[in-house]
Each structure stands twice: as C-alpha cells, then as structure tokens.
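Comments concern the structure below.
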Protein chains: 2
Amino acid sequence: MPHALDKIDTQILNILQIDSNRTTKSIAEELSMTTSPIFERIKKLEKEGYIKKYVAVLDNKKIGLKLTVFIGITLQGHTRSYLEKFVKEINNFPEVVECHRVSGNFDYLLKLVVEDIEAYETFIITKLTLLPYLGNVQSLITLSTGKETNVIDLGL
Amino acid sequence: MPHALDKIDTQILNILQIDSNRTTKSIAEELSMTTSPIFERIKKLEKEGYIKKYVAVLDNKKIGLKLTVFIGITLQGHTRSYLEKFVKEINNFPEVVECHRVSGNFDYLLKLVVEDIEAYETFIITKLTLLPYLGNVQSLITLSTGKETNVIDLGL
DNA sequence: AAAATAAAAGAATATAATTCTTATTAGAGT
DNA sequence: ACTCTAATAAGAATTATATTCTTTTATTTT
C-alpha cells in the first residue's frame, strides 16, 4: 500500500470538492495549520492522482441546456470489438456526458444533457439510431433533479 | 433577454470547464486578448450564475470508491408531500450523488458511488428499503465507464 | 458624423501561490 | 528510555497571479 490518506488529507479533499478556489491560507486556518503543509499536501494529492482536475461547474439551465435524459440501451451483438466501437462513437457525441456499461436490464446507460426535447429527438434520430447492432432503447426523461453533486463520500 | 453569451464568453466557459486553474493570462493568450477583459468576463459569468462553482474532481477508484450504481425506483404513492420527503431523505445519503425524478418506467433514478458491492448492499438494506411507499427497485451495476465528463456542450 | 456607451488595453497594486530555510514532531532502532 | 533519522510543520522571503484603476479603442445610437 503506497500511500493512505490521513485525516488531514481527507479534510482537504472534502474542502476542495466543495470549493476549489479556497486559498491555502483559508484551508490552513480551518484546519489550524499553516499554509506550507496544506500547500504541500495538496500538491501531493494532485501528483499522486487523488485529485484528477479542477473544473468550473456551469448552470446547465441558465446556459440553455434544460434537459437531462438517461438512455438505457441493449445491443444485439456483444463482441469485444463492437463494444469498443460503440463506446468510441459515443465519445464523439458532446451531448453525452456519461456512458456506463452496466449489468442488469441494459448493456449501456447514457446520460445526456441537451437543450430540449427537440434536441433530444434529433440526437436519437441523427446519431443514436445510426449505430449498428442497436437493440432496445429506453429513455428516462428528467422532470426535476433533487440532488446532483460532485462530492463523493470520503467519510468524516 | 438580459445577457446572451457571445463567442468569447463561450470560449472562456469551455476552457474553464476543462481546467479551472488556467490563469487569466494563459486564457488571454489563447484568445489573443489581454488579461483585464478576460478577468472581467469571468467575474461577470460568476456573478450572473453561468458559473456555479469551482470544484476539485477526485479519482473515485483511487480513493477506494470503486463502484457506481444506478437505481431505478418506483413509488407506491405520489402525493406531493411524500415526494418531497423522499427527496429530502435521499439528500441525507452521502453515497447518493444524483437523484432525478423521471418519466418513463421509473419515478426516480439515483446514482450512487460506493466502495464495493458490499457497501451497495448495505445502502439498500439499511437506508433505501427503510423508506416508506417504496415500490419497485431495479439496480444497474456499472461494469465499466466509457465516458464521464463535466463538460457540457456549448457549441463551438 | 458626433456623442455616448461599452469593451479592451496597459500599467500599477494587492493578494495568493510557491519556494526555501529552519524548527518540530513522530517513529525506528539500539 | 534515548538517540538518530526521516517526515512534517512552521515561518520568512520570493514569485506569480489576481485585481483594480486609468486610458484608449471600438461599437452603437441618434
């Protein structure tokens, strides 16, 4: 086991998951430390890959992307090369923000963020249904979102 | 219509969605401008709510949360007050990162990030099934993730 | 075309990140 | 229990970036 996260690391990650613009000074004060160890710990967390990146989270609706849709998909063939091709194609579709291979009633579950129902239908017709080996397709249209966070549970 | 986003705003948002640690200088260079207008535009995008927040994205697997699960849920009652209570309860569960009310074959779709199958089962038994009015519950266990991005499509 | 408005440039300042040096702490080995 | 060693934290100094302010340029309006 190379490096485990101690309590301070976990606290830092929890803070940065919520607001990555917090200064090292402000984090240091919250954790009753000075800036240097906080700074060094953050750099270590970045270098070792615990922190993948820092991003701006946009307000989808404000920007005009008012609709989130989940699409469950079954494929008719399951050869390795086809699955890879499917995922590759999906990666070219900017409206698809997630694509998971799943067990259960579907092979894949997609998450889409689009302008509206029309954009969703356009996606289905001009992109999704053009993929070969496509089996059953089942859409779940989001009516409202009760929770949507980037914060993953680290304990504490 | 208060404020539309012009091309430069959109470019800034695209950059910040990918890496929010980019300096104004580096963004300015990419867009062939100076730092001041970039800085002011970013502040405006923040103030007007196009940018909701800045966050650190962690590596779930590295941190020990190796399993993502989607759970489709139907409820037995649909009174307004119950739906609200349901969502409120869900918000207390840190392993649930998303909760959407959907149309289609389910009432709600949850996304969970947990350690492993055991943690998932614990969630089901000790948290989910304790909620009243619970109807059908159907889980999709993620086997692999082919795409997972925070970048929403702004065109360009 | 002139005036008014908004946006950008450039320079100056303030703040925070980063580095470096020194001190403290915690653990390992004797 | 003591000393040595390595790791971590503190504190000061430096560098880089964010932020503000002023001037200039471009754009829009009448």
Side-chain angles (χ1 to χ4, degrees), chain A residues 1-59 62-65 150-156, chain B residues 1-59 61-64 150-156:
Chain A
M1 208 148 297
H3 299 281
L5 297 176
D6 65 13
K7 188 182 170 188
I8 296 171
D9 290 328
T10 305
Q11 290 181 116
I12 291 174
L13 291 178
N14 274 330
I15 289 169
L16 258 20
Q17 278 196 102
I18 291 168
D19 180 5
S20 62
N21 275 359
R22 287 280 297 273
T23 62
T24 55
K25 190 179 163 196
S26 122
I27 297 172
E29 280 166 3
E30 180 170 336
L31 304 184
S32 305
M33 296 171 74
T34 56
T35 63
S36 336
I38 300 297
F39 176 79
E40 278 160 14
R41 278 168 180 269
I42 291 173
K43 288 302 147 192
K44 191 170 142 193
L45 291 167
E46 292 168 357
K47 189 160 63 67
E48 291 177 0
Y50 292 101
I51 297 173
K52 279 202 290 192
K53 55 184 173 178
Y54 297 94
V55 305
V57 177
L58 309 187
D59 185 327
K62 181 118 197 180
I63 281 165
L65 300 171
N150 59 291
V151 178
I152 64 175
D153 181 31
L154 309 177
L156 286 201
Chain B
M1 207 147 295
H3 298 281
L5 299 176
D6 66 12
K7 189 181 170 189
I8 295 171
D9 289 329
T10 306
Q11 291 181 113
I12 291 173
L13 290 178
N14 274 330
I15 289 169
L16 258 23
Q17 278 196 100
I18 292 168
D19 179 4
S20 61
N21 274 359
R22 288 280 298 272
T23 62
T24 54
K25 190 178 162 195
S26 121
I27 297 171
E29 281 165 3
E30 180 169 337
L31 304 184
S32 305
M33 296 170 73
T34 56
T35 63
S36 340
I38 299 297
F39 175 78
E40 278 160 14
R41 278 168 179 270
I42 291 173
K43 287 302 147 193
K44 192 170 141 194
L45 290 166
E46 290 168 358
K47 190 160 62 68
E48 291 177 0
Y50 293 101
I51 296 171
K52 281 201 290 193
K53 55 184 172 176
Y54 298 94
V55 306
V57 177
L58 309 187
D59 186 327
K61 295 211 176 130
K62 181 118 195 179
I63 280 163
N150 59 290
V151 177
I152 64 175
D153 181 30
L154 309 177
L156 287 198

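These numbers come from the heavy atoms of this one structure, side chains and all, not from hydrogens, waters or symmetry mates. Chain A is the first sequence line, chain B the second, and so forth, proteins listed ahead of strands; every chain is numbered from 1.
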* **Whole angstrom value for the distance that separates C1' of C:dT15 from CZ of A:Arg22** => 16 Å

* Asked: Does B:Lys62 reach the main-chain N or O of A:Glu48 with its side chain, forming a donor-acceptor pair under 3.5 Å?
  -> yes

* Could you state the atom-to-atom distance from NZ of B:Lys44 to P of D:dA18 in whole Å? => 20 Å

* Is there a side-chain polar atom (N or O) of B:Thr24 under 4.0 Å from OP1 or OP2 of D:dA18? -> yes

* Asked: Any luck finding a side-chain donor-acceptor pair between A:Asn21 and B:Lys53 under 3.5 Å?
  -> no

* Structure fact -> Atom CZ of B:Phe39 and atom C1' of C:dA12 are separated, to the nearest Å, by 14 Å

* Asked: Between atom CG in B:Leu31 and atom P in C:dA8, what is the gap in whole Å?
  -> 11 Å

* Asked: What's the CG-P distance between B:Asn21 and D:dA16, to the nearest Å?
  -> 17 Å

* Spacing of B:Met33 atom CE relative to C:dA7 atom C1', expressed in whole Å -> 8 Å

* For B:Asp6 and for B:Thr35, locate the closest nucleotide of DNA chain C by heavy-atom distance; then report the residue assigned to the nucleotide nearer the 5' terminus. => B:Asp6

* To do: Report the nucleotide, chosen from D:dT17, D:dA9, D:dT19, that has the shortest atom-to-atom distance to any side-chain atom of B:Thr23.
  => D:dT17

* Asked: With a non-hydrogen cut-off below 4.0 angstrom, is B:Ile8 in contact with a base, only sugar-phosphate, or nothing?
  -> sugar-phosphate

* Structure fact -> Per atom distances to the B:Pro37 side chain, the nearest of C:dA9, D:dA10, C:dT18 is C:dA9

* Asked: Quick one: are A:Ile51 and B:Val57 in side-chain contact, heavy atoms under 4.5 Å?
  -> no

* Of the options A:Leu13, A:Ile12, A:Asn14, which is the one that meets A:Thr10 in a side chain to side chain contact (heavy atoms under 4.5 Å, CB included)? -> A:Asn14

* Rounded to whole angstroms, how far apart are CD on B:Glu29 and P on D:dT17? -> 10 Å

* Looking at every strand, decide which applies to B:Thr34 at a 4.0 Å heavy-atom threshold: base, sugar-phosphate, or nothing. => base

* To do: Assess whether one donor atom and one acceptor atom, taken from the side chain of A:Ser36 and the base of D:dG11, lie less than 3.5 Å apart.
  => yes

* Are any side-chain N or O atoms of A:Ser20 and backbone N or O atoms of B:Tyr54, one a donor and one an acceptor, separated by less than 3.5 Å? -> yes

* **Any A:Lys25 side-chain N or O less than 4.0 Å from OP1/OP2 of C:dT15** => no

* So, is B:Arg41 close to the C:dA8 phosphate, meaning a side-chain N or O under 4.0 Å from OP1 or OP2? -> yes

* Nearest whole angstrom, please: distance from the C1' of D:dT19 to the NZ of B:Lys43. => 9 Å

